[in-house]
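Proteins get letters first, then strands, A, B, ... in listed order; numbering begins at 1 in each. Note that this is a predicted model, so its numbers are computed, not measured.
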Amino acid sequence: MSNLEIAELLKKVAAAYQILGENRFKIIAYERAADSIEHLTSEVKDVWDEGKLGEVPGIGEAITKHLDELFRIGRVSHFEAVMKKVPQGVFPLLLVPGIGPKKAYKLVTDLNLKGNEKVVVGQLAAAAKAHKIAPLEGFGEKSEQDMLAAIETYKKGAIKENRMELPLADKIAQDVIAYIKRLGPSVVERIDVLGSLRRQVSTIGDIDIAVATKKPDSVVSHFVTYPHQKLIEKGPTGASLLLHSGRQVDVRVQEPGSYGAMLQYFTGSKNHNIKLRELALSKGLSLNEYGIKVVGKTQNSKLKTQNYNSKLKIYQFRTEESFYAAIGLPWIPPELREDKGEIEAARNIFYRKFPGKPNGLPKLVELSDMKGDLHVHTNYNLEPSHDLGVDPLASYLDRAVEFDYEYVGISDHNPSTTKHTEIQIVAIMKRRKEYYEHKYSSWIQKVSKASSPARTNVHLFIMCEVDILPDGKLALPDAAFEYVDAVVVSIHSSFTQPKAAMTKRVLRALGSHPKVRIFGHPTGRLLMKREGVELEWGEIFALCKERDIALEINAYPQRLDLPDAIVYDARKAGLRFCIDTDSHAASQMDMMRYGVSVARRGWGEKDDIMNSLEYTQFRDWLIK
DNA sequence: GCCGTTTTCGGCCCGACTGTTTTCAGTCG
């Protein structure tokens, strides 16, 4: 069962409890558990396998027991008993936007809806068309019409599933920002991308944008003239549009004096915000998007009187830093705001007395720390097993200069093993090495003439991305290793082997030659297209550590592989990483920033990243 | 049902929006 399916199951249980009038905190607990699982970047099943279910926030003793039953025998008798107590027709209706448990229950019982998902939703649509909904208590003309529209939305397929990769989300956000900025700096004092895009989650649902302005009405009215398919909602604090592309954009406005609180509120994540507000509450402070209210007895030494707005009875904050500081915390980087222990770590900066806890927040790696890219593909045709790049070596070197890198590693795919004999492959690799050495020295000569010497110290590593064959053998004969400095090994076939076989396969490959230095895109996932392979990570980590092999954080936006949650675990296990772009065109080398974001979301520091090392240190690590 | 570094009992985030309402409930993020 996938995370999404388990999350949906828990949501159904929560809905059933709500209809049954259960304790509302129990309902909230189930919803939080569902939410937590839905947003988990590793599979719950794997977490359960490792016996770490209790470490997932929102999952305690009781739900652990239920999930244990689910994974062992495929069903949970308690869940089934609870869900049996409500009419089955309510569950499909929950998928229609705007219908929650209460409304669903009322509709199903009053209209006697029953059957499978399609049938029930169809019956509801028919009832709306026949004006049978408006007369029901709590409903009316408007809600009847809205319901028909909502059913249409539902039929178009769950918009929720329609997530996008980071570059597209960036593009949409920048277009909207440019449009809003047309109002000029006197109206748009500040504008920022917030939400999951600011946290750099690997896929993005909605785009969230906040504006600091003294003229909120002007900003909202201007924003809703942006070309769109549907106005979802509009109010004094903001508006939401569904664009023609099917993407939703939410804009929130805030006066500059409270903008810090808005940045914090709208960046999320939801669970981070809840945890933060609970912490604040324990100090007698209530947080919202306008600022901080004093609700209890407390010595508010952190609150400064000059921030107090007596009209709103609230302390205001222009910056996020001052907002966090008022709760007694340092500023927490957005990539960490997932309720994975960052608040506890942040508190520890001020409460170092507690041993055994993470000692403060990590000092996260930054894009400017990167000194090279070890996984790019040129257009040199070595008749590879997979695709070639489109640009020549010189283009990649030029870009390396642009980024101030000290080195580049060319990791073309190995020559095809089906089209060539081993002897041919060795010959190809030898020829390739000579070719690159020649091209590299011509490039050096050209650049030395054109620019100051300081700009020419980009070093070249001649590498290769070698397939891990289904049996764990490498797709490069031993004799060919003489012609490479190091190799990246990756899986490009047979992605669905069972965990044990896959683990054995990878272990064999990683241990098969000293020049194996990087495990490329380790899960092989393609976002929204292909799940990652199943591996016994503990065993992989152990061998990588023993042989000092780096795990790749592949920055290509469709991959972002390792996933951030595994980066987090691997880092705890003491492993180190290479962040590479896997560029097949020189223009793609600026995707590095997405890889850095993944590292940051995995709590990665500069010291965890091999290719943040300067050239000689890196060379000494890479070349064995 | 979850959770905790003054608590293992007694709390539990916060507000906007919408529609159907004379004061609020439901839904959403």
Separation of A/Glu342 CD from A/Ser269 OG (nearest 0.5 Å): 7.0 Å

Under 4.0 angstrom between A/Lys270 side-chain N/O and B/dG29 OP1 or OP2: no

Rounded distance (nearest 0.5 Å) linking atom CD of A/Glu43 with atom CD1 of A/Ile37: 11.0 Å

N or O in side chain of A/Arg32 less than 4.0 angstrom from B/dC3 OP1/OP2: no

Stretch residues 93-104 of chain A: residues that reach within less than 4.0 Å of DNA chain B through a heavy atom: A/Pro97, A/Gly98, A/Ile99, A/Gly100, A/Pro101, A/Lys102, A/Lys103

Nucleotide of B/dG1, B/dC14, B/dT18 approaching A/Glu233 most closely (side-chain heavy atoms): B/dT18

Gap in Å between the two C1' atoms, one belonging to B/dG10 and one to B/dC24, rounded: 28 Å

Of residues 59-69 of chain A, the positions that come close to DNA chain B - non-hydrogen atoms, cut-off under 4.0 Å: A/Ile59, A/Gly60, A/Glu61, A/Ala62, A/Ile63

Short side-chain N/O contact from A/Ser282 to OP1 or OP2 of B/dG4, under 4.0 Å: no

Point-to-point distance, once rounded to the nearest 0.5 Å, from CH2 of A/Trp603 to CZ of A/Arg571: 8.5 Å

Phosphate OP1/OP2 of B/dA16 contacted by A/Tyr290 side-chain N/O (<4.0 Å): yes

Separation of the P atoms in B/dC9 and B/dA16, to the nearest angstrom: 37 Å

A/Glu137 CD - B/dC24 P separation (whole Å): 16 Å

Any A/Asn273 side-chain nitrogen or oxygen under 4.0 Å from OP1 or OP2 of B/dC13: no

N/O (side chain, A/Ser286) to phosphate O (OP1/OP2, B/dC13) under 4.0 Å: no

